[in-house]
Amino acid sequence: MKLRNASLLDLPRIEQLHREAEARFSTVPPPARLWALVSQTLTALLPLSHETMLYVAEDQGKVIGFVQASGRPLTLSLPAKATTLQILNLCVAHDTDERDLAPRLIQHLCEQAGKSGVSRLFVRVPLDDPLLPVLRMEAFRQYATESVLYAESPEPRSTAVPMGLRAARGRDARLLYNLYRKVTPMGVAQLEAPTFKDWRALRSDPG
């Protein structure tokens with residue numbers, strides 16, 4: 001078995017693995033499903049841009065798993081030279097031992113990310129995900145807990161503009177960073193944005 005960069009020729013097989021995992025998830029969540037909370041569509045997975053790292057595991061000429069990380073997940077904006085990546089997908093074929101292949105894919109991703117200048121990798125997984133022991137063995141550690149809530153029929157309470165609301169100004173950036181440091185747990189802030197410069201880099205896009 002070998003681990004290598006994904007190519008355009010691998011995309012049909014990657015799509016097949018992705019769909020098989022979706023089908024299995026309808027009954028029992030597979031251990032190697034990491035995109036449940038970020039809900040990446042396949043069209044977001046396919047582009048092989050410089051901000052996306054996509055590797056496949058190949059055995060006897062057949063792709064049996066893949067791992068994907070990106071510098072531009074849904075709510076995070078990074079500079080062109082990304083130093084932080086989020087693992088969005090880790091998928092292993094149903095007839096392959098996930099306990100053996102998943103760690104190898106993660107190790108390969110970490111090695112290649114380090115060579116590219118990436119200093120941090122993070123992932124969102126459920127607290128009871130069977131893959132958590134594998135991630136911990138690869139030196140990942142939990143630094144925050146999220147609660148994701150959904151409303152079946154969301155309705156706006158009012159269309160009026162809230163009192164005091166105004167457009168952000170340039171001089172608000174420092175005040176917003178101070179607010180971020182006050183309300184964010186220290187361990188989280190030290191990983192995400194320990195300095196004002198890091199915080200600005202994470203939010204470089206206007207708006």
Side-chain angles (χ1 to χ4, degrees), residues 1-25 29-126 129-132 134-140 191-192 201-202 204-205:
M1 184 183 70
K2 66 177 180 179
L3 302 173
R4 58 172 175 80
N5 285 323
S7 70
L8 293 176
L9 297 177
D10 297 318
L11 296 184
R13 175 58 178 165
I14 290 174
E15 181 176 1
Q16 181 184 1
L17 291 174
H18 191 275
R19 288 177 176 173
E20 288 175 356
E22 288 287 329
R24 297 202 307 275
F25 186 66
R33 179 189 170 85
L34 300 187
W35 56 90
L37 293 183
V38 290
S39 192
Q40 290 293 304
T41 63
L42 195 59
T43 54
L45 178 148
L46 296 184
L48 306 180
S49 71
H50 69 285
E51 293 176 344
T52 296
M53 307 186 85
L54 185 58
Y55 301 103
V56 298
E58 185 180 60
D59 186 29
Q60 297 181 356
K62 183 178 181 181
V63 172
I64 58 175
F66 72 92
V67 63
Q68 179 210 12
S70 176
R72 288 194 179 273
L74 291 178
T75 58
L76 188 62
S77 177
L78 293 170
K81 179 62 175 176
T83 59
T84 301
L85 295 179
Q86 178 176 353
I87 300 177
L88 297 179
N89 289 292
L90 174 59
C91 192
V92 175
H94 64 86
D95 55 353
T96 303
D97 186 357
E98 290 136 336
R99 293 171 296 180
D100 175 60
L101 183 55
R104 297 176 68 174
L105 284 166
I106 294 174
Q107 290 170 10
H108 186 73
L109 172 65
C110 291
E111 291 171 0
Q112 298 305 311
K115 293 177 181 178
S116 300
V118 174
S119 58
R120 299 179 196 139
L121 282 165
F122 72 97
V123 61
R124 290 185 173 101
V125 291
D129 197 297
L131 201 62
L132 276 177
V134 174
L135 292 168
R136 290 195 176 102
M137 288 293 292
E138 299 304 321
F140 284 78
L191 284 172
E192 287 186 342
L202 293 177
S204 58
D205 290 344

Evaluation steps, side-chain contact (heavy atoms from CB on, under 4.5 Å), between Arg120 and Glu192: CA-CA 9 Å; Arg120 299 179 196 139; Glu192 287 186 342; 5.7 Å; no
Full working for side-chain contact (heavy atoms from CB on, under 4.5 Å) between Ile64 and Val92: CA-CA 6 Å; Ile64 58 175; Val92 175; over 6 Å; no
Nearest heavy-atom neighbours spanning Leu3 and Ala57: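 What the structure gives for the nearest pair is CD2-CB, 3.4 Å.
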For Leu121 against Phe140, the heavy-atom pair lying closest together: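 For Leu121 and Phe140, the tightest heavy-atom pair comes out as O-CE2, 3.5 Å.
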When rounded to the nearest 0.5 angstrom, what distance separates [atom1] in [X] from [atom2] in [Y]?
| X | Y | atom1 | atom2 | answer |
| --- | --- | --- | --- | --- |
| Glu98 | Cys91 | CD | SG | 8.5 Å |
| Met1 | Asp59 | CE | CG | 7.0 Å |
| Arg104 | Asp97 | CZ | CG | 11.0 Å |

Pairing residues for Gln16 by the side-chain hydrogen bond (donor to acceptor under 3.5 Å, both in side chains) criterion, not counting sequence neighbours: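 Testing Gln16 for side-chain hydrogen bond (donor to acceptor under 3.5 Å, both in side chains), a comparison that skips the adjacent residues, returns Arg13, Glu20.
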Partners passing side-chain hydrogen bond (donor to acceptor under 3.5 Å, both in side chains) against Gln107 (at least two apart in sequence or in another chain):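 By the side-chain hydrogen bond (donor to acceptor under 3.5 Å, both in side chains) rule, Gln107 matches Glu138.
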Check: Val118 and Thr84 side chains under 4.5 Å, non-hydrogen atoms: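 SC-SC contact between Thr84 and Val118 ruled out.
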CA sep, side-chain torsions, deciding dist, call: Asp10, Phe66, side-chain contact (heavy atoms from CB on, under 4.5 Å): CA-CA 10 Å; Asp10 297 318; Phe66 72 92; over 6 Å; no
Result of checking Leu109, Val67, Asn5 against Met53 for side-chain contact (heavy atoms from CB on, under 4.5 Å):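 When Leu109, Val67, Asn5 are each tested with Met53, the side-chain contact (heavy atoms from CB on, under 4.5 Å) holds only for Leu109.
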Set of residues satisfying salt bridge (charged side-chain N to carboxylate O under 4.0 Å, His left out) with respect to Glu58, sequence neighbours excluded: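 Counting only residues at least two positions away or on another chain, Glu58 forms a salt bridge (charged side-chain N to carboxylate O under 4.0 Å, His left out) with Lys2, Arg4.
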Worked verdict on Ile87 versus Phe122 for side-chain contact (heavy atoms from CB on, under 4.5 Å): CA-CA 6 Å; Ile87 300 177; Phe122 72 97; over 6 Å; no
